There are 2 protein chains.
Amino acid sequence: MATIKDVAALAGVSLGTASRVLSGSSQTSPDSRARVTAAAKQLNYIANGPARSLRRSRTDVLGLLVSDIRNPFFSELAHAAEREAQRRGYTVLLANADEDAEQEAAYLRTFASQRIDGLLIAPQGSDVGALRALRDSGLPLVFVDRAVDGLDVPTIGTDNEDGIRRALTWLHEKGHREVAFVGGPPEVSTGHERRAAFLRFRDELGLSADPRLVAHGDFRAESGVEATRAVLASGARPTAVLSADGLMTLGVARALREEAASELGAVEIVSFDDLDWFDLVSPPISAVRNDASAIGRLGVEALVDVIEGRPGASHRVTTSFVDRSAGGAAGAGA
Amino acid sequence: MATIKDVAALAGVSLGTASRVLSGSSQTSPDSRARVTAAAKQLNYIANGPARSLRRSRTDVLGLLVSDIRNPFFSELAHAAEREAQRRGYTVLLANADEDAEQEAAYLRTFASQRIDGLLIAPQGSDVGALRALRDSGLPLVFVDRAVDGLDVPTIGTDNEDGIRRALTWLHEKGHREVAFVGGPPEVSTGHERRAAFLRFRDELGLSADPRLVAHGDFRAESGVEATRAVLASGARPTAVLSADGLMTLGVARALREEAASELGAVEIVSFDDLDWFDLVSPPISAVRNDASAIGRLGVEALVDVIEGRPGASHRVTTSFVDRSAGGAAGAGA
DNA sequence: CTGTTAGCGCATTCAG
DNA sequence: CTGAATGCGCTAACAG
C-alpha cells in the first residue's frame, strides 16, 4: 500500500505539501496540486485511516448500537441513520446487541477502543454505570428509541403514550372492551412507557381491567406467541390484542391463528410498529406507525450537534394510526 | 482518556512492561502483572485502537457490505456473520450499499481507508475493476450471496438452480402450467442464475413458455408490485407466480391482492426466500428456504481463513422447500 | 505557499 | 524478565 511519503516523492514535493493537497486543509499552488493529485492517482493512494485518526484524535466514525438488527424497526432506523450520517461526512459502524446486556457491554468497549466520534445507542436499560462512565469519559452520546433514567443525554424516542392512546381510543370506538396487552420488558423504557400508557388509558376509557389481559415479552417474535398463549390460557377472552412491538405482533398473530383453528373467532390485532405485510393478512392488522426513519435521522443530527459542541436536542416523534379495518380509511394518519 | 503511559507511571513500571502485561504478548513477573492490571482498572484504561492498528498494521475488524440492510435476507446474514466474527475475535463493521453501485464504491473506499482486515461483500455486480483493484492490493475478500465473474475470490452463495428446481417441480406437481416469474436484475448473479434456472426447468417440465409470464424487478418490494402488474397487464393469466426474492414477494402478494378484488381468482405464490409472515397470509405462501445464516457464518469462516493465509473455501448452500399449501406438510424440508 | 520537524499511542526491537 | 529507544503514517505547528 502506498503511503503519503511515496506520493510526495513521486510528485517531487515534500511530505507536508502532499498532505496539504490531499486533505485540502490549506492553500497550495496549482502546480503542486496537479502533481500530487496525479501521483496519488497513479499509486492508487488511499490514506491510512488509523494513522490519520491517531494524529487528529478523531475518526469521523459514528457508532450505532441497536437492540436487534433483525427487528424491522431497527433496520429501518439504521438505514436512515446511515444515510444522514453519510450526508454529514460520517461513516456509521453498526453493531447489534441482540437484546442482550452482555453483548451491549462488549460492544461499548469495542466502540470506546475504536475511538469513534460519537455513539447512537438504543440502550437495554441495564448497565447505567457503563453508560455513565462512557459519557463522563467525554464520548458524545445520544439515545435512540429507548431512554435511560438519571442520565442527562439527548434522547430521540417515540411518543409512546400518544401512540398507545391512539390505539386504545380506536379500539374503544370500534366497540372493544376486552383488550389484551402484550408489552415489552418493563426494564426497557419503551416497554415500561407503553405498559403504563396502556393501563392509564384502559382505565380512562373504561375498558376491562382484568389483570389476566396483560402479559409481556421481550420484543422478539417468539415471546409474542408465548404471551398470547398465556393470556388465552388464563381463561381471559379478549376481543382484541394490542401488541407493543412489531416483531411481537408476528408472534401474537401466529398464536391467535393457532387458536382460531380450534375455538376462537377473529380477534382484532393492533400493533405498535407498522410492518409492511400487515395489509396482507386477514383480517389486516391496524397499527401505530412508529417512525424509525425520523428517529434515526434526528438521532444523527443530535449526535453531530453534540460532537461539534452544540447542545443536542431531544425529540419525541409523534405517531400516526393506520386503520386497516373493514370500515377504516386505510393509510389515514394522525 | 488514560494512555498506556499513565498506566505505566501509576504502576511504577516502564511503558514497555505495561504494554506487555496488557497485551499478554510475553512473559511478565506476577508482581508487574498485578500492579499494571490494578493501575489499568483504576484509570479505566481502554487501549487506543487507531494507535494499536497503526503499529500492528491490523485492526481485527471485518467489513460487511450488504446490498440492502432492510432486506430480511441480509439482516439475517449480517446477524449470523457478526456472531461468527465475534466468536473468532473480530468486530464487524456493517455498511449498506442500498442496491446502489455508487454507494457500494464509496463504502469500498471507506473500508480500504479504515484498513479493515478483510471484507465480506454482496457485490452489485457492476464495478469489477474496483473489486479487482482491492483484491490485488492485498485485501482479503469473500463474496456472499452474489458472485462476480472473472474474479477468483471465495464465494458463498445459494444453490440457486436447485432452489428454483424445487419450486418449479412442486408447482408442476400441483398442476400449475401457467407459471409467471418475477426475477431480479439480470446483471446481479443471483438475478441471472435464478432466471436461467427458471427458463431451463420451465422448459424441461413443459410449462408454458409464454414470454409475457417473465418479468423482473430490482429486489425491492415496490418492483415486485410493478413486475406483477406488468405480467397481468400483458394479458397473461398465470395460475401461480414464482418470485425470486423475499422482498419482491411482498410486492407480488400486494399486486395480486389488488387484482383479486377485481377479477382474478387465487393465484398461488412461491417465494425464493422464506419470510416469517408467509404462514399468516391466505393462501399461505410456500417458499424456498434460503439459508442466510449459513451464508453469513461460512462467509466469515472463509474470510478468516484467507486472512490467516489458508485458502478460503467456496460453498453453495443447499435450499429446502417449505410447503404451506393446504395439502402440504408445512415445514417439511428436503 | 512550502519544507522541516515533532509527536499522536502503541508494540516491538535491542540491550541488558 | 525489564527499561529505553524506535517508528508505524499522518497532520499540524514552525520557520522560512
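Note that the coordinates shown come from a computational prediction; the quantities given were computed from them, not determined experimentally. So that the names make sense, note that chain A is the first sequence line, chain B the second, and so on, each numbered from 1.
- With 3.5 Å as the limit, one finds a donor-acceptor pair spanning the side chains of Ser29(A) and Ser32(A).
- Here Ser19(A) reaches the OP1 or OP2 of dT11(D): one of its side-chain N or O atoms lies under 4.0 Å away.
- Proximity note for Ser23(B) (side chain, C-beta onward) versus dA11(C), dG9(C), dG3(D): the nearest is dA11(C).
- Ion pair Arg70(A)/Asp98(A) flagged as a salt bridge, since at least one NZ, NE, NH1 or NH2 atom sits closer than 4.0 Å to an Asp/Glu carboxylate oxygen.
- Rounded to an integer number of Å, the gap from Arg56(B) CZ to dG9(C) P is 18 Å.
- Side chains of Gln124(A) and Arg146(A): a donor-acceptor N/O pair is present below 3.5 angstrom, by distance only.
- Relative to the axis of its first five pairs, the axis of the last five pairs of the helix from dC1(C)-dG16(D) to dG16(C)-dC1(D) sits at 40°, rounded to 10 degrees.
- Sequence order on DNA chain D of the closest nucleotides to Thr17(B) and Arg115(B) puts Thr17(B) first from the 5' end.
- Here dC10(C) is the nucleotide among dC10(C), dG3(D), dG9(D) with the atom lying nearest to any side-chain atom of Ile4(B).
- In this structure, Gln114(B) places its CD atom 17 Å from P of dG9(D), rounding to the nearest Å.
- Of the residues in residues 28-47 of chain B, Tyr45(B), Ala47(B) come within less than 4.0 Å of DNA chain C through at least one heavy atom, sorted by number.
- Atom pair Arg20(A):CZ and dG3(C):C1' shows a separation of 7 Å (rounding to whole Å applied).
- A donor-acceptor contact under 3.5 angstrom links the side chains of Thr28(B) and Arg33(B), judged on distance only.
- Taking atom CE on Met1(A) and atom P on dC10(D), their separation rounds to 10 Å, with Å as the unit.
- Residues Arg297(A) and Glu301(A) are not paired through a salt bridge, judged by the lack of any N-O separation under 4.0 Å between the basic side chain and the carboxylate.
- Rounded to an integer number of Å, the gap from Leu15(A) CG to dA13(D) P is 16 Å.
- In terms of position on DNA chain D, the residue among Gly12(B) and Ala51(B) whose nearest nucleotide sits closer to the 5' end is Gly12(B).
- One can place CZ of Arg52(B) at 14 Å from C1' of dC8(D), the figure rounded to the nearest angstrom.
- Residues Tyr107(A) and Glu102(A) have side chains that never bring a donor and an acceptor to within less than 3.5 angstrom of each other.
- Rounded to an integer number of Å, the gap from Gln27(B) CD to dT12(C) P is 15 Å.
- Checked against dG3(D), dC10(C), dG9(D), the side chain of Thr3(A) finds its nearest nucleotide in dG9(D).
- Using a 4.0 Å cut-off between charged nitrogen and carboxylate oxygen, Arg132(B) and Asp136(B) do not count as a salt-bridge pair.
- Distance alone, capped at 3.5 Å, places no donor-acceptor pair between the Thr91(B) side chain and the Val61(B) backbone.
- Salt bridge absent: Glu82(A) and Arg88(A) never bring a charged side-chain N and a carboxylate O closer than 4.0 Å.
- With rounding to whole Å, Asn48(B) atom CG is found 18 Å from dG7(C) atom P.
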